[in-house]
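Shown next, in structure tokens, is the structure this report addresses.
The chains referred to below are lettered A, B, ... by the order of the sequence lines, with proteins before strands, and numbering in each begins at 1.
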There are 4 protein chains.
Amino acid sequence: MATTLVRNGTVITASDRYDADIYIEKGVITLIGQGLSLPADTVVDAAGKLVMPGGIDVHTHLDMPLGNTTSSDDFESGTIAAAHGGTTTLIDFAVQERGQGLHPALESWMERAEGKAVIDYGFHMIVCELTDQVEIEMDKMVRDEGVTSFKLFMAYPDRLMVDDATIFRALSRTRENGALICMHAENGSVIDTLVAEALRKGQTAPKYHALTRPTHTESEATGRAIALAEMAGVPIYIVHLSCADALEKVRQARDRGLPAYAETCPQYLFLSSEEYERPGFEGARYVMSPPLREKWHQDVLWKGLATNDLQVVATDHCPFCMDEPPQKQAGKDDFSKIPGGAPGIETRLTLVWDGGVRTGRIDPHRFVEIVSANPARMFGLWPKKGTVAVGSDGDLVLWDPERETTLAASSLHMQVDYSPYEGRVVRGSPAVVLSRGEVLVDHGRLLGRKGRGQYVRRQAGLPMVV
Amino acid sequence: MATTLVRNGTVITASDRYDADIYIEKGVITLIGQGLSLPADTVVDAAGKLVMPGGIDVHTHLDMPLGNTTSSDDFESGTIAAAHGGTTTLIDFAVQERGQGLHPALESWMERAEGKAVIDYGFHMIVCELTDQVEIEMDKMVRDEGVTSFKLFMAYPDRLMVDDATIFRALSRTRENGALICMHAENGSVIDTLVAEALRKGQTAPKYHALTRPTHTESEATGRAIALAEMAGVPIYIVHLSCADALEKVRQARDRGLPAYAETCPQYLFLSSEEYERPGFEGARYVMSPPLREKWHQDVLWKGLATNDLQVVATDHCPFCMDEPPQKQAGKDDFSKIPGGAPGIETRLTLVWDGGVRTGRIDPHRFVEIVSANPARMFGLWPKKGTVAVGSDGDLVLWDPERETTLAASSLHMQVDYSPYEGRVVRGSPAVVLSRGEVLVDHGRLLGRKGRGQYVRRQAGLPMVV
Amino acid sequence: MATTLVRNGTVITASDRYDADIYIEKGVITLIGQGLSLPADTVVDAAGKLVMPGGIDVHTHLDMPLGNTTSSDDFESGTIAAAHGGTTTLIDFAVQERGQGLHPALESWMERAEGKAVIDYGFHMIVCELTDQVEIEMDKMVRDEGVTSFKLFMAYPDRLMVDDATIFRALSRTRENGALICMHAENGSVIDTLVAEALRKGQTAPKYHALTRPTHTESEATGRAIALAEMAGVPIYIVHLSCADALEKVRQARDRGLPAYAETCPQYLFLSSEEYERPGFEGARYVMSPPLREKWHQDVLWKGLATNDLQVVATDHCPFCMDEPPQKQAGKDDFSKIPGGAPGIETRLTLVWDGGVRTGRIDPHRFVEIVSANPARMFGLWPKKGTVAVGSDGDLVLWDPERETTLAASSLHMQVDYSPYEGRVVRGSPAVVLSRGEVLVDHGRLLGRKGRGQYVRRQAGLPMVV
Amino acid sequence: MATTLVRNGTVITASDRYDADIYIEKGVITLIGQGLSLPADTVVDAAGKLVMPGGIDVHTHLDMPLGNTTSSDDFESGTIAAAHGGTTTLIDFAVQERGQGLHPALESWMERAEGKAVIDYGFHMIVCELTDQVEIEMDKMVRDEGVTSFKLFMAYPDRLMVDDATIFRALSRTRENGALICMHAENGSVIDTLVAEALRKGQTAPKYHALTRPTHTESEATGRAIALAEMAGVPIYIVHLSCADALEKVRQARDRGLPAYAETCPQYLFLSSEEYERPGFEGARYVMSPPLREKWHQDVLWKGLATNDLQVVATDHCPFCMDEPPQKQAGKDDFSKIPGGAPGIETRLTLVWDGGVRTGRIDPHRFVEIVSANPARMFGLWPKKGTVAVGSDGDLVLWDPERETTLAASSLHMQVDYSPYEGRVVRGSPAVVLSRGEVLVDHGRLLGRKGRGQYVRRQAGLPMVV
């Protein structure tokens, strides 16, 4: 029976802070106390470290096909990078193909992950066609497969977008099966009209990606998604919220007591539309949807995290290389052909700590809440994941709040030839990362083996008002 | 060395829920784990119970002089009643006398409590005259006496009310000494004008107490208090918020990211202005300030508790007898002479559980937060009080969520001849209550001895954004 | 040369009130003064009357085909009824047929009106299919035909509804041609899903018409319409706004300074969803879209008229008989087949005066503004219509503020076998109505001849911020 | 009998625009028509001009004692300057002295104006001490003297400030006498605390005047004033609103349908706190209360004028010389001793036209509304003043929308040695100004004689919702 003892650390959870040792048996925390002197297979010294629940990233796209390419991290490289960054669980997206059901998609993504992942993982299911049969499959996904969340798109008319009737039906279905709908909220009808207009005018550079997706396309869709959820009488979760206008819609709903939730991502907290002004094709690095916004939105999003109008920071990790191989180059002459997405799975915790906790915008408890506890609660992982408590998995990050790092593609572990944060100096990073009691990463050295990560069946039904 | 073992319970904190045993040494939790088999002086079986941090009531008036009478519970009867209700710590108010400093007030209240209290206690200091000397005394109170919060009144012009200049100076002072200002927010100038007008018209019945304190007198003062705090650059805590209009002011401030906090009380969640329509002088039972409001406000307050626009439920326990002795009778012919206040110290937890958790308005974690964790964080008791964690005091309530009680003055322990909730049936109540590891109340039997309660020096500076 | 002298009246315009005589030559006001003693072909005594600009009803459906029936008033009976009620100009809707252009629709509606109308009239154009060709036709309509407003539907998926891309394109087109888009704002996708669900459950009675069109379907669409207009950078006009939720969207937009406008109708100001509880099939009288709402919305709408968040009261006059002929009966067994609409063209002014001016909710100037001046300004009729001023048409209503009437289908002039307001007593009605200086109605006697009404070419571009 | 004919102009009122001639007999408009050919004593050609009602300035301080000096314009120089700028009526403030009643104040100000004023004038009464006797005098002022508005101060603790009880009593009194309370809304308690603190730190330069009066001192007081008016059940009028925060309070009240009104002044629309950074003592030119604000507030105020959240632009004209004589110098070493105020009576119309109408922020009708019609309606001058209509006074300004002027103290007519707008080029100014049919100013030449201005008794009770 494998046992681990983590000694001398300061435990930080969403609500508590105390000095204690933690004893883990068969992957599960069984004892927390002062001065534990128990024999253990592994003893980790956490003196001077903050012992927090491992990060949970509920928005990643590993090994994802897009057009005739694939996001550049697979479940091996992606989860290794995640582990280095202090993330011990992720939820990726399985994508329904039009004309097909949901189970083939789940199987396909299970195969992608199996034997590769070094951390635990689950899947949301992207639904892009909702037949009666698919509605029944949704129930089965929730009940039998532990897939308790579905994602819909209000953008990308010809590929993924579903109409209001479909959204309303899907939302209504969750009233019974207890799943949570995740929404990509951008008005694709308006965007595609603007894109066509721009291309007609010969506006092909990367920056037009941003100019054809104004913030109102996001806020309109956000408001509509919440309204449809309210009419269906169910919660809703807005993914990658990027701007003040959209946040205002969430805030208004929450002020009225509605269960409307939203995540933002580090790119919207740290980067701005100024990046699109870079020379040549460099702006392509930042082509993602929603696009980066004007700088002033950042402060509003941080405030939203502090006031609980935003509950989660996830990454939307979806990397494509600039040159090796030349994935982003597909849109050299037409911004609408640039594969959208950027890397982020490894840098989430360090960025949010540096920009949030060190600046005083949030405290360490709120940090735990937005990068781990809330994602766990909302997506059916809690209390196995997302906290440090007796009975929880021994997924821990021993955080060194003082260690300084300079972010650089060359030293990060993601399989992509650039970093959006190249050269940024951040303070605070994981010293040791454990998954189910096993040391995954020790001061930058990977110890977890490929394939050890397990698929996690998630619970349906939000366990609590967040 | 006294040790206590609490076995087989389900621990509930502000953010966690797990099954575990708890080991307490010298009053402090040292170990939490599965199947602890340690020798202990006292073993308590918590099977089937929820083990939560003891309640903290931050708004009580025990043994308080008012005119030529005194609130009917002293620190003995009051703390015994509190313990029976699951409350293990309270913060009462020491009152500065005009023309005097703060230290005499603190001494006077220390004497009232010493040798009597069965639970731990602290004091806020009511300031009604702010000379330069008193400003200096405030700093000393914070630094040397553990009195880290001060209360000001915007009502009662001739007794307690201070003007905006005084409020602003007091708030500004806390920018340096780290204390928190608690505000009684009612516009006393308007109220006294309305009271004089009513009496001139011969309107002397208890119900005119309510009619001369309309909700806008509270919301105006609430908005002003927050504005003054914003200008001073400090947090503020509104006591006994009673109505939707005032809550809206808090909500708007919080939406803007301001550290504005507010408590409400069970009377505003469960009782309404209909009580003033009772025959004869019976309405006097419900004379308190602010007065009870129209019924629809209750829902808005509950929603405020759920959305975190309200952070605390305290009691404003301040009982006066109707007949034995005839304290309330002082206002038989003039509502303005009725001593204001009602009993509540014993019934807080059971009411909030029954009306909040059992109805689904809040979950058990939020329950812990508003009756224990938040009060502890805001008033400098955390992490000694307000949570169940290694290193915290062994202040625990073993909660029986199913036990049904009928509230009645005759069976409650408060020293007052009526209950505002007489006859109400509630489900959920404390089975066993521990203070620093010692069993205070065991299934309705008092075990804690008079005078065992300790004065708690509190910390200054909010430990976290709430 | 025809001349008319209106003597001794008190003139009321949107902003002025004064005693004066009015001299009209060839239909146009040429002189306003005290004690005018000029020879005139017609002299009308207005002593004791308020002389106001004739009413303008910008939302009517005369002789409108629906399924295999037609609204029961044609341009003769409808305009006669309008004249009796004090309305001297109306704007009806020409409807594009799918697969056809706009010009055939205009011609068809021109024919319907010509030789029949007794008052002046114009047409909005309903667009239900927006090809490139139709976009060009829109410009021609504005430039050459005096059709300067277009209506789109967000409801009725298979008949009239257009998607967001179409709405956005149409709105964008008006940025150049200066037209105004009128929006029927209900989310048809949600509604049709709810309707199908209701029918599946056997819920076929008239009241289910209302229950399947909850207020949020209207507020969502209203918010979306305004968002799309904001993105296109143009004004928008919401027709028949019925509820507080939708009004809130307009209010928020206007607070931000956006040119968002909305009309409500008397039915939403005076009737409520209680009507659907009538026995048998009687509720069918009140089947219209949006449906009648809970009573409390009425106050909010009145307040919106007072605070200028609503700018216009129009009628959506679209009558269908209950029994003779049995038009409404088409939906006897299926509420979704009941032809939607109700009569109102004749009773608008008297209702708004009685419920608005006499109760003090609005003053007589605001009355003029919402029933005449604002419609004229917004729809390109001003300053020919909508005011009493030198150079304006002599369209006048001599209002008797004290005359009491009991509304009854039998005495009203609309060609329909019921009145939604049957038996209601109202005070204030037109004594004499003039159109271009000609007496149309004199104390209930029709003097204007069939066919005298003229088509009015309207101007594009809002003349002023309203 | 004096008659005047104004020919060929384009009349602009709050709601109308038409070409017509205007005939004035004995000072009153009796006829408006096309091509009037009547004999007249005076014929004025208005070809190419906009004929608007004369400006009404409801906030001036002429010949006002302050400390041991007096504002530098008396009723002669001040009204001459007003006339040159197109203003034909003003309302100044009579100031109660503490320990005295209201009538002595009115008499004193009547004397100041009589024999001097060239335009018509009225008085608001400033109340700084409200005894029972003064309450009775308020009624008399309204009923017998035509003084139908009173001003209270929430600032200047030792001179003018009244407490909430006084404000509430005064407001309540207007419920019966129909007067309107005008409020100087700044929290004097906070301001004086900040001023004392600044002086203690040796911060004596003019800019500290602004830094000790932050916007929140204004918005708090504005919100409180409105709340007190709501509780009293009466309208309220906020004078010289200067910032977005305060406007937000007015907006919220108006959204709720409350009769809350506010004026702003040109200085807040055109100047900003940057002026306080001028070298030496020059910032003293801009010392006024409220102080100038950060530039971004200007846009918000303009939007407030467009959306009718602000209803009036007045001047708060209260000039003090910099050097000749050295009035402002009194505060050379202590900003709190600088007499507060700046000149503006002459430049109001041209500035608002240039910055508002020419930029498209407001249209000419709204211009008339905010500089003339609304002031007339609110302060009991309408319909004699504030419009161009039969029966109204012949107070007209013939506006040349194209004429360009460079503002300069040397060419303006105010008796003060600087202009806050020195060097600013504005387009649009009065060509001819008439008061009661008499030409006051003709292309810059003064024709009206000293003392011709009449005291105007004003009506009580707002004539209409604005």
So which part of [X] gets closer than 4.5 Å to some heavy atom of chain D, the side chain, the backbone, both or neither?
{"X": "B:R169", "result": "side chain"}
{"X": "B:N187", "result": "side chain"}
{"X": "B:D163", "result": "neither"}
{"X": "B:L228", "result": "side chain"}

Chain B contact via D:E248 - which portion, at a heavy-atom distance below 4.5 Å: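 Interface part for D:E248: neither.
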Where on D:T217 is there a heavy atom nearer than 4.5 Å to chain B: the side chain, the backbone, both, or neither?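 Answer is both: backbone and side chain atoms of D:T217 are under 4.5 Å from chain B.
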D:S189 and B:A165: which non-hydrogen atoms are nearest, and at how many Å?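 Smallest heavy-atom distance, with atoms named: CB-N, 3.4 Å.
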To the closest 0.5 Å, what do you measure between CD (D:E230) and CD (B:E220)?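 Result: 11.0 Å between the selected atoms.
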What is the distance from atom CD of D:E197 to atom CZ of B:F168, rounded to the nearest 0.5 Å? 7.0 Å
Give the member of B:I226, B:T193, B:V190 that has the highest number of heavy-atom pairs under 4.5 Å with chain D. B:V190
Please assess D:R224 against B:D164 for the test side-chain contact (heavy atoms from CB on, under 4.5 Å), listing each intermediate value before the final yes or no. CA-CA 12 Å; D:R224 176 155 43 109; B:D164 287 2; 3.7 Å; yes
